[in-house]
Structures are given as structure tokens and as C-alpha cells.
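Before any comments, here is the structure.
By convention in this document, chain letters (A, B, ...) are assigned in the order of the sequence lines, proteins followed by strands, and residues within each chain are numbered from 1.
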Number of protein chains: 2
Amino acid sequence: MNTPKKRAFKARLFGEFARIGKALGNPHRLQLIEVLAQGERTVEQLAEDVGSPVANVSQHLQVLKAAMLVSVRREGLYARYSLADPRVFRAWQALRDLGQARLSEVDAVVAEYLGDRSKFEAVDAAGLRRRLEDVVVLDVRPRSEFEAGHIRGARSVPHDELAARLRELPKDVEIVAYCRGPYCVFADEAVAALRAKGYRARRLAEGYPDWRLRGFPVATGGERG
Amino acid sequence: MNTPKKRAFKARLFGEFARIGKALGNPHRLQLIEVLAQGERTVEQLAEDVGSPVANVSQHLQVLKAAMLVSVRREGLYARYSLADPRVFRAWQALRDLGQARLSEVDAVVAEYLGDRSKFEAVDAAGLRRRLEDVVVLDVRPRSEFEAGHIRGARSVPHDELAARLRELPKDVEIVAYCRGPYCVFADEAVAALRAKGYRARRLAEGYPDWRLRGFPVATGGERG
DNA sequence: CGGCTATTCAATAAGATTATTGAATAGCCA
DNA sequence: TGGCTATTCAATAATCTTATTGAATAGCCG
């Protein structure tokens with residue numbers, strides 16, 4: 001193959017890949033991906049979750065769909081969106097890890113809103129897995145997300161119920177709280193609340209989708225907690 | 001943390017991640033990343049490699065630098081750029097895999113320029129690794145890239161020397177050719193040329209950076225081939 | 001110093017992306 | 001059928017991105 005032809009090939013090929021990059025190049029769309037990593041959602045639910053007007057969210061979903069990152073299932077009045085492929089979460093994860101590692105602004109923003117998290121050192125997924133039998137695992141996401149899938153053995157205590165249900169938790173066993181992702185605030189808040197009351201608590205560094213992607217044990221539905 | 005504050009937090013945080021997405025959202029920049037995954041380059045070398053004007057490449061490099069994806073080392077007149085972190089390649093890889101899996105256009109473009117590659121079934125990295133002792137591994141990249149790092153035991157036969165050096169290669173042993181990446185045309189051309197002359201040849205599905213990232217055996221410098 | 005080279009900067013015009021708004025569609029239910 | 005709801009479409013203005021051009025900078029070498 002000669003050079004101009006090869007150039008055209010590369011240009012077109014990389015143009016296709018760049019479509020995906022472009023789709024990932026917007027904060028709202030990344031938020032949508034993070035929410036969708038928890039499971040299927042309607043447009044309205046997404047709009048509620050990310051705090052944008054519905055028309056706006058719909059527009060961003062069209063972009064994600066055009067890049068083949070999400071798929072829709074229509075059910076009566078509702079359009080139920082979900083991630084089209086586990087690789088979509090993988091790509092977001094790669095991007096997120098890169099940002100966390102390289103952008104000092106990420107640290108700065110996290111520190112400004114959550115304070116210095118390093119003092120409550122987090123457990124990573126591999127570490128939790130090893131100690132799964134020795135700790136109480138607390139899922140602080142909304143119950144519907146827990147039911148759609150959770151760390152095996154975890155208890156569902158949605159963040160807004162935690163204060164009222166503290167007495168269910170043991171003080172002599174370490175508690176590991178987790179949430180949607182590494183930047184999900186509920187887990188941090190739960191840890192802070194628990195520590196304030198004398199519990200031994202830490203957060204899982206990552207979120208449920210990260211855990212599942214590693215192939216670590218999960219369960220669905222059920223009542224526990 | 002209350003909801004408006006949480007919203008602001010998420011917006012700023014995801015805004016940071018989106019900076020990286022944006023930087024990955026342009027075909028030229030993705031090409032630059034692919035070339036830089038082979039090793040350090042000056043602006044002029046990059047311009048030559050991707051076939052764009054130097055000022056243009058410089059501008060894109062500024063964008064990549066602002067997103068902390070590349071770093072520069074200044075040496076006299078030259079600015080030597082390289083990937084700032086192995087995670088940058090990982091992110092590009094995630095994006096590439098996603099595109100390959102999900103975008104039918106990728107298949108279409110590849111088929112249009114390279115024909116249907118599936119008939120020469122490629123070896124994947126894990127497969128090659130297992131059979132490393134049983135095949136001849138052919139590095140068809142320019143010699144300087146081979147010297148900067150190659151699959152351990154590989155022979156350097158740059159694509160433009162292959163025709164003249166066919167006789168060095170054995171006909172009774174399978175030959176596995178590799179290149180910069182899964183879409184690097186030289187490996188396909190080498191396989192086609194070898195097969196046409198009666199050699200048993202296949203290509204490695206991925207490229208050298210993928211091999212190295214997996215932690216498979218590599219070597220640098222040296223003469224072999 | 002003056003000439004040379006690699007790189008960056010600056011300005012611009014064309015094009016793409018985004019939020020916002022209000023209207024259109026399409027399925028449910030009475 | 002008509003009313004209701006979830007979603008999408010369409011149009012617009014404001015804001016980014018990009019390729020192109022030519023000038024500016026900064027280090028080398030004689």
C-alpha cells in the first residue's frame with residue numbers, strides 16, 4: 001500500500017476511534033455513563049440523577065448512542081438506556097484512572113469537597129475480597145441498585161437510612177462501605193458518620209461496577225440488611 | 001453534603017475527566033498517541049509520521065500536554081515528546097478495543113483497505129507467548145523502534161528490507177510478524193508477501209506496546225535479524 | 001554576532017458542540 | 001376518540017475546535 005492511500009486509511013480509521021473519544025469528552029455524558037454503569041435507566045431517571053433538563057439528557061444520550069456506547073430498549077412510554085458493552089465501563093475506568101493519576105485538579109476538587117480523604121485510608125477491591133469474611137460490607141446505594149446487583153454478602157443500608165439504623169451494625173467488627181464509584185460521596189459520608197459514633201469504618205476505594213468487572217463475587221436481589 | 005453542593009462537585013470533577021476525553025476526541029491526536037507509544041519523538045518526526053504540518057502537530061501536542069497525556073523533554077533545538085504515563089496507552093487501548101468491538105465502521109474501513117483479514121487468522125499476544133520458542137518472530141518496524149524495545153527473541157526486518165531478505169527466513173517454521181499496533185499495515189503486508197513466497201506466516205493481532213503492557217518478555221537494543 | 005533550524009505563538013475563518021427553548025411524536029389509558 | 005406522559009426533534013445563539021497561515025522565539029554553529 002502506498003503512502004497517500006495509507007494516510008487515508010489511518011485518517012478514516014482513527015476518525016472512527018475519535019468518535020468515541022468525542023463522546024467521552026463531555027462531563028455530562030461521563031456522568032451518564034457512570035450512572036448507567038449501575039444499571040438500566042429511563043431518560044427521566046437519568047435527568048434526575050445528573051440534575052439536567054430532560055431534553056438535554058436526551059440529546060447527550062443520542063450522542064452516546066451514535067457512538068454505540070449505550071443501547072435503548074423501548075418499553076411502552078419509557079426508553080430504557082443501558083451501557084452497550086462492558087468495554088464502555090472499562091474505557092471510562094481507564095479515563096478516570098488516568099485523570100486521578102495525572103490531573104492534580106482532580107485531587108484538588110476532591111479535597112475541596114470531601115476534605116483530605118487519605119486519613120481514612122480506603123480498602124481496595126482486592127483487599128476487601130481477601131477479608132470479605134472478616135468485615136461487614138455496607139452498600140449505601142439506593143435499594144433498587146442494591147437489588148440489581150451488589151457485593152456478595154453486603155448489607156443494604158441506603159445512605160438516607162443509615163442514621164436511623166446504626167444500631168443494627170456491630171462495633172467490634174470493621175465496616176467497609178461502598179457506593180457507585182470512587183467519587184460517590186455517600187460512602188465517605190457513611191464512613192464519617194460511623195466513625196463519629198465510634199464504629200470502625202473505612203470505604204471501598206472503588207465502586208460496585210469496578211468490583212463486578214474484576215469478576216469478584218456478586219449477588220442480585222435478596223434482602224439482607 | 002447537600003444536593004446543590006454535590007452537583008457542583010460532580011460537575012467540576014467530571015469536567016476534569018472530560019478534559020482527557022476531549023483530548024482523545026480527535027483523530028490526529030490519537031495517531032500521535034499511537035506513534036508516541038513506540039517511544040519518544042520530536043515534533044518533526046511526529047509530523048512526518050502522521051503526515052500533518054508541523055505547526056498543526058505542535059498545536060495538538062499542546063492540547064495533549066494540557067491534558068497531561070504527554071511530556072516534553074527539551075534537548076537543544078529539539079523538543080522530545082513522549083507519553084506521560086503507561087495509563088495513557090491503556091486508555092487509548094480501551095478506546096480502540098471499544099471501537100473495534102462496537103463500530104461496524106472500523107471493520108468496514110479495515111476491510112476496504114486491507115481486505116478481509118479474517119482469512120489469515122492472527123495470533124494473539126497470549127498465544128504467541130506460549131509458542132515463543134516454536135516460531136520466528138519478525139519485527140517489521142523501522143530499526144530504531146526495534147532497538148528502543150522489541151519482543152524478546154524477535155528479528156528486526158524492517159518492512160522495506162523484507163523483500164531483499166526473504167532468504168534469511170526459514171520455510172519450515174511458522175513466522176509471526178508484528179508491528180506498531182493492530183492496524184499497522186506493515187505486518188499485514190509482510191504476511192501477504194511471505195505467504196506469496198510459500199512461507200507459513202501470520203500476524204500478531206496487537207502491536208509491540210500491547211505486548212509490553214502485558215508484561216511479556218521484551219528486550220532492547222541489540223542486533224538480531 | 002548573524003544565519004540557520006525546530007518549535008511555538010497568534011490571528012483568523014470555517015466548522016462543530018452545547019444549552020435552551022418550545023414544538024412534535026408516540027404510546028398509554030379512560 | 002382525546003388527554004396525558006415520556007421522549008425526541010428542531011432551531012437558535014453562544015461557545016469551543018480546528019486548519020491554515022505567517023510571524024516570533026530560542027537554541028545551535030560558524
Side-chain angles (χ1 to χ4, degrees), chain A residues 4 7-8 10-12 14-33 35-36 40-67 69-82, chain B residues 4 7-8 10-12 14-33 35-36 40-67 69-82:
Chain A
R7 291 256 155 88
K10 291 257 160 167
R12 287 182 55 189
F14 281 74
E16 294 301 328
F17 294 126
R19 281 172 52 200
I20 296 181
K22 280 208 182 82
L24 297 177
N26 175 284
H28 299 290
R29 288 198 289 269
L30 292 179
Q31 279 197 68
L32 292 174
I33 288 172
V35 177
L36 289 172
E40 207 176 53
R41 291 287 136 80
T42 68
V43 181
E44 222 180 5
Q45 288 171 329
L46 288 166
E48 163 66 17
D49 264 332
V50 308
S52 303
V54 170
N56 215 321
V57 168
S58 175
Q59 200 177 327
H60 282 302
L61 286 168
Q62 303 313 310
V63 175
L64 290 172
K65 196 170 57 161
L69 304 188
V70 303
S71 44
V72 212
R73 187 167 69 81
R74 277 173 205 279
E75 203 181 82
L77 275 182
Y78 299 90
R80 299 190 186 275
Y81 281 86
S82 51
Chain B
R7 291 253 154 89
K10 290 256 160 170
R12 287 183 56 190
F14 282 73
E16 293 301 328
F17 294 127
R19 280 172 52 201
I20 296 181
K22 280 210 182 82
L24 298 176
N26 174 284
H28 299 290
R29 289 198 288 269
L30 292 180
Q31 279 197 67
L32 292 174
I33 288 172
V35 176
L36 289 172
E40 206 177 54
R41 290 283 137 70
T42 68
V43 181
E44 221 179 7
Q45 288 171 329
L46 289 166
E48 163 66 16
D49 265 332
V50 308
S52 303
V54 170
N56 216 322
V57 168
S58 175
Q59 202 175 326
H60 282 302
L61 287 168
Q62 302 313 311
V63 176
L64 291 172
K65 198 171 56 161
L69 304 188
V70 302
S71 42
V72 212
R73 188 167 68 83
R74 279 175 203 278
E75 203 181 82
L77 275 182
Y78 300 91
R80 300 189 184 277
Y81 281 86
S82 51

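- Rounded to whole angstrom, the span from the CD atom of B/Gln31 across to the P atom of D/dA19 amounts to 11 Å.
- When the nucleotides D/dT17, D/dT7, C/dT8 are ranked by their closest atom to the side chain of B/Arg74, C/dT8 comes out on top.
- Distances shown here put every side-chain N or O of B/Asn26 at or beyond 4.0 Å from the OP1 or OP2 atom of D/dT17.
- With A/Arg80 contributing its side chain and A/Glu40 its backbone, the two residues share no donor-acceptor pair below 3.5 Å.
- If you take CD of B/Glu44 and C1' of C/dC4, they are 13 Å apart, rounded to a whole angstrom.
- Between B/Asn56 atom CG and B/Leu46 atom CG the span is 12.5 Å, to the nearest 0.5 Å.
- Pairing for D/dA23 is with C/dT8, a Watson-Crick or G-U wobble pair whose two hydrogen-bonding atom distances lie under 3.5 Å.
- The separation between A/Leu61 atom CG and D/dT7 atom P is 10 Å, rounded to whole Å.
- For B/Gln62, the CD atom counts as densely surrounded, since its 6.0 Å shell holds more than 12 non-hydrogen atoms of other residues, nucleotides or ligands.
- Put simply, OH on A/Tyr78 is 11 Å from C1' on C/dG27, counting in whole angstrom units.
- With C/dT18, D/dA6, C/dT7 as the choices, the nucleotide that has an atom nearest any side-chain atom of A/Gln59 turns out to be C/dT18.
- Between the B/Arg19 side chain and the B/Ala66 main chain, a donor and an acceptor come within less than 3.5 Å of each other.
- Here the C1' atom of nucleotide C/dA16 and the CZ atom of A/Arg19 are 15 Å apart, to the nearest Å.
- What separates NZ of A/Lys22 from P of D/dT17 is a distance of 11 Å, to the nearest Å.
- Side-chain contact between B/Val43 and B/Leu61 is present, with heavy atoms from C-beta onward closer than 4.5 Å.
- Closest approach to the A/Tyr81 side chain among C/dT7, D/dT8, C/dA19 is made by D/dT8 (side chain taken as heavy atoms from C-beta onward).
- Of the listed nucleotides (C/dT20, D/dA6, D/dA19), D/dA6 has the atom at the smallest distance from the side chain of A/Leu77.
- As a whole-Å value, the separation of A/Lys65 NZ from D/dC9 P is 7 Å.
- Listed candidates were D/dT8, D/dG22, D/dA19. Nearest to the side chain of A/Ala79 is D/dT8.
- Nearest to the side chain of A/Gln62, among C/dT18, D/dT7, D/dC9, sits D/dC9.
- For A/Arg29, whose side chain is taken as the heavy atoms from C-beta onward, the closest listed nucleotide among D/dC9, C/dT18, C/dT7 is C/dT18.
- Relative to the side chain of A/Ala55, the nucleotides D/dT7, C/dT7, D/dC9 differ in distance, and D/dC9 lies closest.
- Contacts of B/Ser52 with the nucleic acid, taken as non-hydrogen atoms under 4.0 Å apart, are absent.
- Look at A/His60 and you won't find any side-chain N or O under 4.0 angstrom from OP1 or OP2 of C/dT17.
- One interatomic measurement links the two molecules: CG of B/Asn56 to P of C/dA10, which rounds to 17 Å at whole-angstrom precision.
- The B/Ser58 side chain lies nearest to C/dT8 when the options are C/dT17, D/dA6, C/dT8.
- Using a 4.5 Å heavy-atom threshold, the side chains of B/Thr42 and B/Leu77 count as separate.
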